[in-house]
Every structure is written in C-alpha cells, then in structure tokens.
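Read the structure below first, then the notes.
Computed from a prediction, not measured in an experiment: that's the story for all the values here.
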Amino acid sequence: MLTIGQITYANCTPIFHELMKDFPADRYRMVRGVPAVLNGMLRQGEIDLCPSSSIEYGRRSDRYYLLPDLSISAIGPVKSVFLFSRVPIEELAGQTIGLTSESETSVVLLRILLQKYHGVTARFEPTNGLDLDRFAACLLIGDTALKTALAKPDGFCFDLGELWHAATGFPFVFALWIVRREVAERQYGELKLLLADLLAAKQRAEGAYGEIAESSQESTWMDRKELVDYWQTISYDLTPAHQQGVCRFFRDAHDLGILPVAPELRFVT
Ligand SMILES: C=C(O[C@@H]1C=C(C(=O)O)C=C[C@H]1O)C(=O)O
C-alpha cells in the first residue's frame, strides 16, 4: 500500500477530498503534516510520495521522480503565501524578517524576490506567526497566512505568487508531487494507478468546489464563497509554462548559491 503525505492546508483539500471519497482508508495510507515536516519524512523514507515543496526536488533530484500534470501553483496571486510587512519592500534592506518554519519553497522564493528582483538584502529568523513588534516583516504560508490575511492586519501584505509573476511572467510552482525513486521502481504499477486516480480526482474536484466547501473543515473559519474563490485561484496543473517557471526558480536559486545545480524535471513515465 502506498503511503501518501497530505499537506494539512486548504489548498490540498479538494484533491484529497475527491481521492478519499472513492477510496476510503483501505487503498491508500495518508499521513498528514505541514510541508517542512512532510519533506523530512519523504527524505527519511517514512512516506512514499507527497505534494511536497518544489525546492525539495531541486535539492535532491537524484533521489526522486515527479508525477506529471499535478502541482500546487499560482499564475499570479496565490492568496496564501504572504510577506506581511510594516514597510515597503525596498525599506526591508538590513532589517530582520521572521520566517515560518512550515515552508521550504516560499522561504527560498522570498530570498530570490528580495535579493535578485528588488535588490534587498535582509536577515532572517524563525517565527511562529505574525509578530510585527519583533520583526519588520513576517513570511507566513498556508492556512496561517489565509487566516492572518482575513484578519486584515495593519501594514503591507505582499503576495509572493503575484511578485514572482510580475518579475518573471511565469507561474510559480510551490509544490510538486514528489515520489521516492525506490518506490517508483518497486511499486510502479500501484503508482500508475494512483496517478490515474489523482488526475481523475483533480478533474472532478474542479467542477465541485462549491460542494466540497460545504462539507470542508475550512468552512468553519472561511466563508464558503471565499474558499471556492481560493481554490479557483490555485492552479493544480503542471503545464509546460509551469515547468518553465520551476526551471527558472531553480536557476535563480542556483545563481544565488542556494542550489548547487539547477536540475531537470524527471517524471514517472
Ligand atoms: C500555496 C502554498 O504553497 C505551499 C508552500 C510550500 C512551501 O513554501 O514549501 C509547500 C507546499 C505548498 O502547499 C501555500 O502555502 O498555501
């Protein structure tokens, strides 16, 4: 049985909701966690695959393959990855920025945006949530970012998907579906079945966001219409344009010395 990491954010709800509707517990084993924790479990071999931070693939591409046609991306604003700031971006030079410990991709994206596209060098420290008394700005992702944005905090709220799109013209791929190579070799048949199930789940989910919102746990803290709007904002595809976006992200990370090489994307075929 394949063990799949499930990110505990609203952005993963539609596809997992549809997947589990058809195959309750007995076909796939799900392990829930935030991206940084699931990335670690993938590295350790504690899960077989998961929608995981794209930078995790960038760092260790020799250990992984990717599932085609699937991602968690944005073509412009993403609505759940924000730099909440007391000051405009250019004034963050030399200041300390708090970083969520849940993310691995967005922290690299922030460094690239600041350094390469805005000419800003800042310092970084971990933070648990929004703390603009201690930090000039804080990077938050996922449900914490959605909830914080809904509370409309004072100051600036920079959407990292939007900044990336403005700077490069490409989609930004926050998560890729990453599979450990041993699993792709050992359980190829099971993986191909899962891929077909996931692609069907993605397609069904797209037409059923309203219905999914009604029964979703997120509707306890987010208006259903906003939730549907959020899911329509996220792009779950991995088109050639998305792939160009990932490759550009890896090249930028390489230019800044964050990645030793900018790897190619290799898929389960
Ligand atoms: C779009 C988002 O992307 C997430 C951001 C990730 C990261 O920064 O490592 C990883 C997985 C994605 O679910 C989000 O946080 O809402």
Is [X] salt-bridged to [Y], cutoff N-O under 4.0 Å?
{"X": "Arg86", "Y": "Glu91", "answer": "no"}
{"X": "Asp69", "Y": "Lys202", "answer": "no"}
{"X": "Glu56", "Y": "Arg60", "answer": "yes"}
{"X": "Arg181", "Y": "Asp62", "answer": "no"}
{"X": "Glu104", "Y": "Arg111", "answer": "no"}

Heavy-atom closest pair, residues [X] and [Y]:
{"X": "Ile89", "Y": "Leu114", "value": "CG2-CD2, 3.8 Å"}
{"X": "Leu92", "Y": "Ala136", "value": "CD2-CB, 3.8 Å"}
{"X": "Cys138", "Y": "Thr127", "value": "SG-CG2, 4.3 Å"}
{"X": "Ala93", "Y": "Val120", "value": "N-CG1, 3.6 Å"}
{"X": "Phe174", "Y": "Ala74", "value": "CE1-CB, 4.2 Å"}
{"X": "Ser73", "Y": "Asp237", "value": "OG-O, 4.1 Å"}

Enclosure of Asp255 CG (heavy-atom neighbours >12, cutoff 6.0 Å) =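 Counting other residues, nucleotides and ligands, CG of Asp255 exceeds 12 neighbours.
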Open item on the list: Atom CD of residue position Gln203 - does it have more than 12 heavy atoms of other residues, nucleotides or ligands inside 6.0 Å?
Closed with: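 No, because the 6.0 Å sphere around CD of Gln203 holds 12 heavy atoms or fewer from other groups.
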Check: [Y] and [X] side chains under 4.5 Å, non-hydrogen atoms:
{"X": "Leu38", "Y": "Arg32", "result": "no"}
{"X": "Thr13", "Y": "Gln217", "result": "no"}
{"X": "Leu160", "Y": "Val78", "result": "no"}
{"X": "Pro171", "Y": "Ser235", "result": "no"}
{"X": "Thr105", "Y": "Tyr57", "result": "no"}
{"X": "Leu139", "Y": "Ser106", "result": "yes"}
{"X": "Arg27", "Y": "Met1", "result": "no"}
{"X": "Tyr9", "Y": "Ile141", "result": "yes"}

Can you list the residues that meet the ring pair (Phe, Tyr, Trp, His ring centres under 6.0 Å) rule with [X], with sequence neighbours excluded?
{"X": "Tyr65", "result": "none"}
{"X": "Tyr117", "result": "none"}
{"X": "Phe16", "result": "Trp177"}

(request) Would you please test Glu162 and His165 for side chain to side chain contact (heavy atoms under 4.5 Å, CB included) and show each step? (result) CA-CA 5 Å; Glu162 188 173 12; His165 194 254; 5.9 Å; no
Drop me the distance from [X]'s [atom1] to [Y]'s [atom2], to the nearest 0.5 angstrom.
{"X": "Asp252", "Y": "Thr168", "atom1": "CG", "atom2": "OG1", "answer": "8.0 Å"}
{"X": "Cys50", "Y": "Gln6", "atom1": "SG", "atom2": "CD", "answer": "10.5 Å"}
{"X": "Ile7", "Y": "Ser53", "atom1": "CD1", "atom2": "OG", "answer": "6.5 Å"}
{"X": "Glu218", "Y": "Ile212", "atom1": "CD", "atom2": "CD1", "answer": "10.5 Å"}
{"X": "Lys192", "Y": "Leu67", "atom1": "NZ", "atom2": "CG", "answer": "9.5 Å"}
{"X": "Leu163", "Y": "Leu83", "atom1": "CG", "atom2": "CG", "answer": "8.0 Å"}

| request: Please identify each residue that fulfils side chain to side chain contact (heavy atoms under 4.5 Å, CB included) with Gln44, with sequence neighbours left out. | output: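 Listed in chain order: Glu46.
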Using the side chain to side chain contact (heavy atoms under 4.5 Å, CB included) criterion, which residues pair with Ala175? Sequence neighbours excluded.
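Ala175 satisfies side chain to side chain contact (heavy atoms under 4.5 Å, CB included) with Ile72 only.
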For [X], which residues count as a side-chain hydrogen bond (donor to acceptor under 3.5 Å, both in side chains) partner, sequence neighbours excluded?
{"X": "Asp48", "answer": "Arg180"}
{"X": "Thr3", "answer": "Arg29"}
{"X": "Lys79", "answer": "Asp229, Thr233"}

Please determine whether residues [X] and [Y] belong to a single hydrophobic cluster, defined as Ile, Leu, Val, Met, Phe, Trp and Tyr linked transitively by side-chain heavy-atom distances below 4.5 Å.
{"X": "Leu195", "Y": "Ile4", "value": "yes"}
{"X": "Tyr209", "Y": "Leu199", "value": "no"}
{"X": "Val31", "Y": "Val179", "value": "no"}
{"X": "Tyr28", "Y": "Ile15", "value": "yes"}
{"X": "Met30", "Y": "Leu42", "value": "no"}

Show me the donor-acceptor pairs, under 3.5 Å and distance only, between side chains in residues 259-266 and residues at least two apart or in other chains.
none

Practice task
Tell me yes or no: between the side chains of Ser80 and Tyr230, is some donor less than 3.5 Å from an acceptor?
Solution key: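 Yes, Tyr230 and Ser80 have a side-chain donor paired with an acceptor closer than 3.5 Å.
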Any sub-3.5 Å donor-acceptor pair from Ser103's side-chain atoms to Thr100's backbone N or O?
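Absent.
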Check: Gly210 main-chain N/O paired with Trp231 side-chain donor or acceptor under 3.5 Å: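 Flag not set: sc Trp231 to bb Gly210 has no pair under 3.5 Å.
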Test: side chain to side chain donor-acceptor pair (under 3.5 Å). Region: residues 139-153. Which pairs qualify, not counting sequence neighbours?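 For residues 139-153, and leaving out neighbouring residues, there are no side chain to side chain donor-acceptor pair (under 3.5 Å) pairs at all.
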### Query
Does Leu130 sit in a hydrophobic cluster with other residues, and if so which ones, taking ILVMFWY side chains as linked at heavy-atom separations under 4.5 Å, directly or through other members?
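When side chains under 4.5 Å apart are linked, the cluster holding Leu130 also contains Phe82, Phe84, Leu132, Leu140.
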| field | Pairs meeting criterion ring pair (Phe, Tyr, Trp, His ring centres under 6.0 Å) with involvement of residues 236-269, two or more places apart | value |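 Qualifying pairs: Phe172-Phe249.
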**Item:** Chi angles and distances behind the side chain to side chain contact (heavy atoms under 4.5 Å, CB included) call for Leu198, Leu19
**Value:** CA-CA 7 Å; Leu198 282 170; Leu19 186 71; 4.0 Å; yes
Original post:
Can you list the steps and then say if Val268 with Tyr188 is a side chain to side chain contact (heavy atoms under 4.5 Å, CB included)?
Top reply: CA-CA 9 Å; Val268 172; Tyr188 181 74; 4.1 Å; yes
Determine, step by step, whether Asp133 and Asp131 satisfy the side chain to side chain contact (heavy atoms under 4.5 Å, CB included) criterion, reporting the C-alpha distance in whole Å, the side-chain angles of both residues, the deciding distance to 0.1 Å, and the verdict.
CA-CA 5 Å; Asp133 293 330; Asp131 186 353; 3.7 Å; yes
